[in-house]
Colleague: 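Pasting a structure below so you can have a look.
All chains are named by letter (A, B, ...) in the order of the sequence lines, taking the proteins before the strands, and each is independently numbered beginning at 1. These numbers come from the heavy atoms of this one structure, side chains and all, not from hydrogens, waters or symmetry mates.
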2 protein chains.
Amino acid sequence: MRLSTKAQYAVRAMVRLNLEQKDSPVSIREISTHENISLTYLEQLFAKLRRGKLVRSVRGPGGGYILARPAADIKVDQIIDSVEETLIPVSCMDEFGNCACSDQCVTHTVWQELGERIRGFLSSVSIEDLTNDARARIHRQREEQRKTE
Amino acid sequence: MRLSTKAQYAVRAMVRLNLEQKDSPVSIREISTHENISLTYLEQLFAKLRRGKLVRSVRGPGGGYILARPAADIKVDQIIDSVEETLIPVSCMDEFGNCACSDQCVTHTVWQELGERIRGFLSSVSIEDLTNDARARIHRQREEQRKTE
DNA sequence: GCATTCCTGAGCATTACTGTCAACTATTAA
DNA sequence: TTAATAGTTGACAGTAATGCTCAGGAATGC
Ligand code: FES
Ligand code: FES
């Protein structure tokens, strides 16, 4: 029951993108350094994020990526969908809760509800939420440092 | 973000065990036929369930397995724990929400909360709940059949 | 042109998953 | 006692997914 690193990286990258974004695009290299993720691997992920219409790309020098929508409108579950990881806990079920053997199967109900809860939670968290969280964290860290100096 | 079949099978097997259990033990072979799971694979799973103290085994002719506790006291999350599948969505985190880099990491909060929700839900569902659900389902099926006859 | 950046697809090593097999031990009905 | 039943163990193997690299190509701005 683990998220793949692909999904984890994608979310981290998106948050980082929003943290670093001012007016100009953010290059993949910048994200790679900050988040310590292989540059070539990130390229793959961003290709998917672009296809999922969560980011827009700008080519050429000074280019990079920008969020395609306001951070508050981008939810974690959309990011995970984009990199093609499912949020459904069992392989026999589709996104509507349909199974081949929905009547015989004794565990249908649990997995369906579980899937709904996972989706429900992750669709309630936006990139903006996480960015604010991260900012608060960075701020707190600075305070701590000041104290110890 | 999928449960392994191991976890799925284990839950199905436990529900089936409770469905079939009257006063005598239920053999693994019986479960294998009902749930259509490889007998030898089931053996592995029940070994783990036994070590997790969720079932007790009875050897000899007429032997098999019985639930170690009332069905209402056995929760789905315990079964999944027994077969050694984690419910924590990321590998960097332990069961208490501790990470090596909890302060730098921008996504710590989401994964921790997600993990808590998954655990929360699965610990609220007991084998008894699922068994009743299955009984109701079987009943409904019979009704349907009667109508079409 | 040329450096910078994104873009694409192939490839590959490692690991996890799913399941099988064979041999062994314990229990008990007859 | 003995045969039948059933659990126990550990090794093994095929397959698929994962996580990542590499080599090159295409767009863009200077
Ligand atoms: S068949 Fe898919 S959960 Fe029942
Ligand atoms: S380091 Fe594990 S979630 Fe942050």
Colleague: Rounded to whole Å, please give me the gap between CD1 in I66(A) and P in dT5(C).
Modeller: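 Whole-Å distance recorded here is 16 Å.
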Colleague: Which pair of heavy atoms, one from A71(A) and one from N18(A), lies closest together, and at what distance?
Modeller: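 Between these two residues, the closest heavy atoms are CB-ND2, 3.4 Å.
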Colleague: Quick check: on DNA chain D, is the nucleotide nearest E43(A) upstream (toward 5') of the one nearest V58(A), or the reverse? Name the residue that is more 5'.
Modeller: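 Taking each residue's closest nucleotide, the earlier one in sequence belongs to E43(A).
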Colleague: Whole angstroms only, please: what is the CG-P distance between L42(B) and dT20(C)?
Modeller: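 Computing the L42(B):CG to dT20(C):P distance gives 10 Å.
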Colleague: Please tabulate, for side-chain N and O atoms in residues 115-125 of chain B, each donor-acceptor pair with protein atoms closer than 3.5 Å (sequence neighbours left out).
Modeller:
unit_1  : atom_1 : unit_2  : atom_2 : d
R117(B) : NH2    : E113(B) : OE1    : 3.4
R119(B) : NH1    : D77(B)  : OD2    : 2.9
R119(B) : NH1    : D81(B)  : OD2    : 2.9
R119(B) : NH2    : D81(B)  : OD1    : 3.3
S123(B) : OG     : R119(B) : O      : 3.1
S123(B) : OG     : G120(B) : O      : 3.0
S124(B) : OG     : F121(B) : O      : 2.6

Colleague: Once you round it to whole Å, what is the distance between P of dA16(C) and CE of M1(A)?
Modeller: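 Taking CE of M1(A) and P of dA16(C), I get 18 Å after rounding.
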Colleague: Tell me whether the side-chain N/O atoms of Y9(B) come closer than 4.0 Å to OP1 or OP2 in dG19(C).
Modeller: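 For dG19(C), OP1/OP2 do have a side-chain N/O of Y9(B) under 4.0 Å.
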Colleague: Looking at Q78(A) and L54(A), would you say the former's side chain and the latter's main chain have a donor-acceptor pair under 3.5 Å?
Modeller: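 Side chain of Q78(A) to backbone of L54(A), a donor-acceptor pair under 3.5 Å: no, none is there.
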Colleague: Mind listing the closest non-hydrogen atom pair of T109(B) and R137(A) along with its distance?
Modeller: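 Of all heavy-atom pairs spanning T109(B) and R137(A), the closest is OG1-NH2, 3.3 Å.
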Colleague: Below 4.0 angstrom from OP1 or OP2 of dC17(C), is there any side-chain N or O of T5(B)?
Modeller: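 No, because none of the side-chain N or O atoms of T5(B) sits under 4.0 Å from OP1 or OP2 of dC17(C).
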Colleague: Look at all strands and tell whether F46(A) reaches a base, only sugar-phosphate, or nothing, counting heavy atoms closer than 4.0 Å.
Modeller: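 Nothing: the residue F46(A), judged by heavy atoms under 4.0 Å, touches no strand.
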Colleague: Calculate the interatomic distance between R29(A) atom CZ and dT4(C) atom C1'; express it in whole Å.
Modeller: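 Those two atoms, CZ and C1', are 9 Å apart.
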Colleague: Has the side chain of S32(A) got a donor or acceptor atom that lies under 3.5 Å from a matching backbone atom of I28(A)?
Modeller: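 Flag not set: sc S32(A) to bb I28(A) has no pair under 3.5 Å.
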Colleague: Please state whether the phosphate of dT28(C), meaning OP1 or OP2, lies under 4.0 angstrom from any side-chain nitrogen or oxygen of R59(B).
Modeller: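 Looking at the OP1 and OP2 atoms of dT28(C), neither is under 4.0 Å from any side-chain N or O of R59(B).
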Colleague: At a heavy-atom distance below 4.0 Å, which nucleotide of DNA chain D is the first touched by chain B, and which is the last?
Modeller: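 Going 5' to 3' along DNA chain D, contacts run dT5(D) to dT9(D).
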Colleague: Could you report the tightest heavy-atom contact between V83(A) and A7(A), atom names first, then the distance?
Modeller: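 In terms of heavy atoms, the two residues are closest at CG2-CA, 4.0 Å.
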Colleague: Using whole Å, what does the distance between atom P of nucleotide dA22(C) and atom CD of Q44(B) come to?
Modeller: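 Atom-to-atom, Q44(B) to dA22(C), this comes out as 15 Å.
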Colleague: Rounded to the nearest Å, what distance is computed from the CZ atom of residue R51(A) to the C1' atom of nucleotide dG9(C)?
Modeller: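 About 10 Å, once rounded to whole Å.
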Colleague: In whole Å, I'd like the distance from the CZ atom of R50(A) to the P atom of dT8(C).
Modeller: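 Distance, rounded to whole Å: 5 Å.
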Colleague: State whether T40(B) places a side-chain N or O below 4.0 Å from either non-bridging phosphate oxygen (OP1 or OP2) of dT20(C).
Modeller: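 The answer is yes; a side-chain N or O of T40(B) sits under 4.0 Å from OP1 or OP2.
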Colleague: Without hydrogens or angle criteria, can the side chains of E30(A) and H34(A) be said to hold a donor-acceptor pair below 3.5 Å?
Modeller: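 Absent: no donor and acceptor within the cut-off.
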Colleague: Find the distance L49(A):CG to dC7(C):C1' and express it as a whole number of Å.
Modeller: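 Atom-to-atom, L49(A) to dC7(C), this comes out as 14 Å.
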